[in-house]
Colleague: 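Once you've had a glance at the structure underneath, I'll fire off some questions.
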There are 2 protein chains.
Amino acid sequence: MNNNAANWAVNKLSTDGPTPALPVHELVYRQLRAHILFGELAPGQPVTIQGLTEMMGAGMTPVREAIRRLVAEGALEASGNRRVGVPMLSPGNVDELIHARQAIETELALRAATRATPENIAGLAAIDARLDAAITSGNVRAYLEENYLFHASLYAIADAPILSAIADGLWLRFGPSLRMVCGRIGTQNLPDQHKEAIEAMRAGDAEAAASAMRDDVIQGMEQVRQALSESIV
Amino acid sequence: MNNNAANWAVNKLSTDGPTPALPVHELVYRQLRAHILFGELAPGQPVTIQGLTEMMGAGMTPVREAIRRLVAEGALEASGNRRVGVPMLSPGNVDELIHARQAIETELALRAATRATPENIAGLAAIDARLDAAITSGNVRAYLEENYLFHASLYAIADAPILSAIADGLWLRFGPSLRMVCGRIGTQNLPDQHKEAIEAMRAGDAEAAASAMRDDVIQGMEQVRQALSESIV
DNA sequence: CACCCCATAATTTGATCATATTCTGATCGT
DNA sequence: ACGATCAGAATATGATCAAATTATGGGGTG
């Protein structure tokens with residue numbers, strides 16, 4: 001049983017299953033995390049402790065811990081004067097994210113492709129099929145979830161906990177902005193090089209799989225950059 | 001005034017200066033962070049809340065927040081059964097760290113080199129001089145601090161908050177092991193390509209500076225890998 | 001006379017602590 | 001060797017205190 005960060009991320013998108021008395025701060029963390037990743041929270045929006053306590057029905061301490069954790073991961077931003085909110089991406093931040101994602105995700109894809117079993121690949125293909133359905137039906141939330149799930153599954157296959165943790169942190173940073181992109185341009189024109197990656201993995205060509213994922217990352221981040229620059233105008 | 005993550009890291013190695021009523025959880029976080037970075041805490045060592053409360057003279061809530069934050073950054077590890085401790089690096093982890101540091105720090109060095117002012121370079125040279133003194137005198141703690149300070153200063157110059165945050169997180173992960181390396185091989189044989197980097201920055205050759213820092217990273221991490229593999233035997 | 005600015009009060013929000021409760025690990029007895 | 005009991009440690013709550021933002025009102029100005 002491999003308890004690495006990426007597996008964890010994949011498992012905890014669904015709340016079902018035999019949850020063996022999960023701590024409250026963990027539940028708060030996961031709910032808030034999902035809100036950030038899938039765009040329930042817009043960039044710039046403030047996040048208050050007391051608001052969370054009554055929204056989640058929890059005490060202050062667990063809420064506080066969840067917030068600190070997400071601040072440490074870059075998903076939330078401490079404004080200096082004790083306030084916490086969803087960060088807004090500057091164009092420079094997008095540049096950094098492009099570089100980082102390219103470096104980290106390409107390496108993860110390379111490792112995943114060299115280690116993937118046929119079952120792994122089938123699982124990825126299933127996710128990608130659901131992703132296609134979400135795109136054609138225009139279901140933004142489902143698109144965001146399945147898209148993230150595809151990448152997170154790839155991380156889990158790569159079996160590289162540190163790189164996976166970094167990649168997950170990056171997702172949290174651009175998640176809110178990605179939602180904005182979808183609201184702006186719809187789901188039709190969003191990138192999806194996943195089929196190329198899956199085919200390359202089936203063929204055992206790790207380099208090609210990594211290259212496909214690199215293209216996917218670049219295209220996605222370019223969409224974000226473009227939407228963001230238009231939004232400023 | 002640029003309030004990015006790297007500047008923050010540089011500023012908060014020293015505890016002096018006019019601290020405007022810093023929150024307790026922040027102080028606990030910084031002290032614990034320094035303990036981890038500079039090897040007061042060995043890999044595998046447990047970290048308890050109650051132990052910290054009396055060591056730092058603080059309540060449970062701030063201690064708890066500091067621990068969660070460091071767990072989120074990868075500096076500490078939650079063992080599943082409510083226990084928290086300093087993680088032990090596996091050989092695979094070291095591989096990941098080498099890849100990640102190479103990618104991130106090279107990019108940071110590139111950016112820093114293109115932006116550095118003469119004052120910036122002089123500051124780096126001053127740090128490196130103190131580093132040399134620490135090496136010749138065999139002062140391990142000073143070596144660790146100045147070495148980190150050199151890199152952190154470079155991040156601050158690069159003005160890339162997200163990449164800097166990632167790089168800082170990586171330091172926290174191999175910090176305890178780096179201390180072990182020093183205890184094993186002394187300070188004499190430790191890598192220091194800093195002079196090459198400084199010279200390249202003076203000459204305005206950003207590529208050369210980045211290359212020098214890449215060599216520095218690789219040499220340092222190879223030392224860690226080697227010491228770790230010997231330690232297992 | 002209406003509008004803006006600044007000082008001050010009120011309220012909201014965050015920070016910390018002390019305490020009760022639950023869970024884990026280990027010891028001791030059978 | 002197995003299972004109940006016990007100490008210790010973590011989780012979670014609510015109360016209390018401090019800080020910051022927002023609201024308010026008086027005085028001055030166009």
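As the structure is a computational prediction, the values presented were derived from the model and not from experiment.
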Colleague: Using whole Å, report how far CZ of A:R83 lies from C1' of D:dT22.
Modeller: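 Roughly 10 Å, once rounded to whole Å.
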Colleague: Please tell me which of B:G51 and A:P62 maps to the more 5' nucleotide of DNA chain D, matching each residue to the nucleotide holding its nearest heavy atom.
Modeller: B:G51
Colleague: Taking atom C1' of D:dT11 as reference, at what distance in whole Å does atom CD of B:E65 sit?
Modeller: 14 Å
Colleague: In whole angstrom, what separates B:L52's CG from D:dA9's C1'?
Modeller: 13 Å
Colleague: Is a donor on one side and an acceptor on the other found under 3.5 Å between the side chain of A:E96 and the backbone of B:L163?
Modeller: yes
Colleague: Can you measure B:I49 atom CD1 to C:dT16 atom P for me and round it to whole angstrom units?
Modeller: 15 Å
Colleague: How many whole angstroms separate atom CD of B:E26 from atom C1' of C:dT16?
Modeller: 15 Å
Colleague: Which whole-number value in Å describes the distance from A:M60 CE to D:dT11 P?
Modeller: 19 Å
Colleague: Check whether the side chain of B:Q50 and the base of D:dG8 form a donor-acceptor pair under 3.5 Å.
Modeller: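 Answer no: no donor N or O sits under 3.5 Å from an acceptor.
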Colleague: Which part of the nucleic acid, if any, lies within contact of B:R64, taking any heavy atom under 4.0 Å across all strands shown: a base, the sugar-phosphate backbone alone, or nothing?
Modeller: base
Colleague: Please tell me if B:N81 has a side-chain N or O lying less than 4.0 Å from either OP1 or OP2 of C:dC23.
Modeller: no
Colleague: Rounded to whole Å, how long is the line connecting atom NE2 of B:H25 with atom C1' of D:dA18?
Modeller: 13 Å
Colleague: Angle class for the B:H194/B:F150 ring planes (parallel below 30°, perpendicular above 60°, tilted otherwise)?
Modeller: parallel
Colleague: Would you classify B:T61 as touching base, sugar-phosphate or nothing, given that sugar-phosphate means primed atoms plus P, OP1 and OP2, and contacts are heavy atoms under 4.0 Å?
Modeller: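 Touches a base.
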Colleague: Are B:D168 and B:R173 close enough for a salt bridge, meaning some N to O gap below 4.0 Å?
Modeller: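 Looking at B:R173 together with B:D168, the answer is no, because their closest N to O distance does not fall below 4.0 Å.
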Colleague: In this structure, how many angstroms lie between the P atom of C:dA15 and the CE atom of B:M56, rounded?
Modeller: 19 Å
Colleague: If you assign A:R82 and A:V24 each to the DNA chain D nucleotide with the nearest heavy atom, which residue ends up on the more 5' nucleotide?
Modeller: A:V24
Colleague: Hey, are B:E26 and B:R69 close enough for a salt bridge, meaning a charged N less than 4.0 Å from a carboxylate O?
Modeller: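 Salt bridge: yes.
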Colleague: Got a salt bridge between B:R225 and B:E222, using NZ or NE/NH1/NH2 to carboxylate O under 4.0 Å?
Modeller: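 Counted as a salt bridge, because a side-chain N and a carboxylate O are separated by less than 4.0 Å.
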